[in-house]
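Below is one structure, written out as structure tokens; comments come after it.
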Amino acid sequence: MSDYLTKVLHALAKPIVGLTRPADRTFWLFLVGAVALSTVVWFVKLRRRATWFAFLFPRAIWGHPSAVLDYKLAFARAGIDAALFTPFAVSSIAVAMFVAARLRLSFGPAPVTDASRLLVALLFTVAALLAEDFGRFLVHYAAHRVPVLWELHKLHHSAEVMTPWTLHRTHPIEGCVMRGGAALFVGVMGGVFVWAFPGKVSGWTILGVDALGFVWNATVSNLRHSHVWISFGRIGEHLFISPAQHQIHHSDRPDHHHMNMGSTFAFWDWLFGTLYVTRGFERLRFGLPPSERNHEDTVLSALFGPMAAAGRRLLAPIERAAPFLRRRPPAL
């Protein structure tokens, strides 16, 4: 029991410790990369209208009640994930070992290949990134299409301003499902590679992190949740999700609703018909209309409000099928 409590208490420091861990998106080097890119945008487009500090750190955004809730949720989620959801985490390695074993059982040893370790590492690095991103896309797509999941996902879309810490404005249940989906797809892909290239599977890493993911996080990833508009152009935004496209995803405009659900790659949205390509700067407002919100700007409401709304969604079909459940008992 003491070990369990110690683990939970240590987890509460994760948002701060994450600044020193390359596995976290708010790793200090990734934030420096975001500041550097933002500085380029300021210098090219806005230096005559605002100072560098006023552009990057406007009080109206970083001190907004919505942003303050994001900071609080970062700590709350870290503790809840450690206390409740870690035991249910999907292990990519376990999935990979299972898939590889099933492939060997069904098809025998893979055909002999003389592919070099370097080539296998390159192929696996790209394949793992594609698999993880597709897994995240499918969970995100379901969160916008399945009413029960949408009630949980509303927490993320209720952000009225965005900073890199809006990443933490995700309901713990949704976060568990998202991580599980990504790990499952990476595990399946890993199992195929372990079977096809026994003894040769490894990925390119930087500071222990997938190399391609490291580059993405060190450049544009943290600007997805920000006020800094960076577009990749028509061709680029058919391939990769730009910060501008993800900001479109959070927009309150009806023609932006449920668009651009990819994390890294845009061609998933292209295939599923949810791609929105920017055609120049668009002034946006973020958040949900009052009729859509299911929580207040407090940590407890943000955690329990979406769960209550999801529960009502689950019970609605039962109530429609059994109207007597809604009737009050006769007075005595």
Side-chain angles (χ1 to χ4, degrees), residues 14-75 156-170 206-207 209 211-237 239-253 256 260 263-264 266 276-287 297:
K14 184 180 177 182
I16 297 174
V17 175
L19 294 169
T20 66
R21 297 179 61 229
D24 284 52
R25 209 161 87 189
T26 51
F27 176 49
W28 70 267
L29 190 57
F30 300 157
L31 296 175
V32 168
V35 169
L37 272 179
S38 301
T39 299
V40 172
V41 173
W42 167 79
F43 184 81
V44 172
K45 297 182 178 180
L46 298 164
R47 69 181 188 276
R48 295 179 180 176
R49 285 188 276 171
T51 66
W52 174 85
F53 191 86
F55 170 64
L56 261 66
F57 305 105
R59 184 182 301 178
I61 291 178
W62 291 88
H64 193 282
S66 176
V68 173
L69 178 60
D70 294 347
Y71 311 146
K72 294 177 180 177
L73 283 172
F75 292 93
H156 188 61
H157 278 269
S158 66
E160 297 176 39
V161 297
M162 293 199 294
T163 75
W165 275 266
T166 305
L167 164 73
H168 299 291
R169 194 191 185 95
T170 303
I206 301 175
L207 298 180
V209 179
L212 298 180
F214 186 96
V215 172
W216 184 256
N217 286 339
T219 51
V220 298
S221 187
N222 277 308
L223 295 180
R224 290 153 42 87
H225 295 124
S226 78
H227 60 286
V228 181
W229 179 276
I230 295 179
S231 168
F232 294 161
R234 182 166 183 80
I235 295 177
E237 290 189 345
L239 300 175
F240 299 98
I241 293 290
S242 70
Q245 282 177 294
H246 194 73
Q247 291 158 20
I248 290 288
H249 177 72
H250 279 266
S251 167
D252 66 353
R253 277 174 43 182
H256 293 163
N260 298 340
S263 296
T264 301
Y276 183 103
V277 176
T278 62
R279 293 174 176 81
F281 176 75
E282 300 186 41
R283 192 170 297 279
L284 305 174
R285 290 190 308 175
F286 304 128
D297 283 336

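Quick caveat: nothing in here was measured; it's all calculated off a predicted structure.
Considering every non-hydrogen atom in both T278 and S231, the closest pair reads OG1-OG, 3.0 Å. Taking every heavy atom of both residues into account, Q245 and V277 meet most closely at NE2-CA, 4.3 Å. A pairwise comparison of heavy atoms in H227 and L56 identifies CE1-O, 3.5 Å as the closest pair. Among all heavy-atom pairs drawn from L19 and W165, the shortest one is CD2-CZ2, 4.3 Å. In plain terms, the two heavy atoms of I248 and W229 that are nearest each other are CD1-CH2, 4.2 Å. Across all non-hydrogen atoms, the minimal contact from A159 to F286 is O-CB, 3.4 Å.
With sequence neighbours left out, W62 forms a ring pair (Phe, Tyr, Trp, His ring centres under 6.0 Å) with F57. The side-chain hydrogen bond (donor to acceptor under 3.5 Å, both in side chains) test applied to R285 returns D252, not counting sequence neighbours.
The closest side-chain donor-acceptor pair between R169 and S158 falls under 3.5 angstrom. A donor and an acceptor atom, one from each side chain of H250 and H256, are nowhere located under 3.5 Å apart.
P243 is listed as a side-chain neighbour of V220, based on a closest heavy-atom distance under 4.5 Å. Two residues are said to be in side-chain contact when any heavy atoms from C-beta on lie closer than 4.5 Å; T166 and H156 meet this criterion. Counting heavy atoms from C-beta on, the side chains of R25 and F27 never come closer than 4.5 Å. Taking the side chain as every heavy atom from C-beta outward, R253 and E282 approach each other to under 4.5 Å.
Partner of H225 under the side-chain hydrogen bond (donor to acceptor under 3.5 Å, both in side chains) criterion, out of Q247, H168, H246: H246 alone.
Judged purely by atom type and a 3.5 angstrom limit, S221 has no side-chain atom pairing as donor or acceptor with the backbone of A218. A side-chain donor-acceptor contact under 3.5 Å links N260 to the backbone of Y276.
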Using a 3.5 Å cut-off and no angle test, enumerate the donor-acceptor pairs between side-chain atoms of residues 29-45 and protein atoms at least two apart in sequence or in another chain.
{"from": "S38", "atom 1": "OG", "to": "A34", "atom 2": "O", "distance (Å)": "2.8"}
{"from": "T39", "atom 1": "OG1", "to": "V35", "atom 2": "O", "distance (Å)": "2.7"}
{"from": "T39", "atom 1": "OG1", "to": "W52", "atom 2": "NE1", "distance (Å)": "2.8"}
{"from": "W42", "atom 1": "NE1", "to": "A50", "atom 2": "O", "distance (Å)": "2.7"}

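The CG atom of L239 sits 12.5 Å away from the OG1 atom of T264 when rounded to the nearest 0.5 Å.
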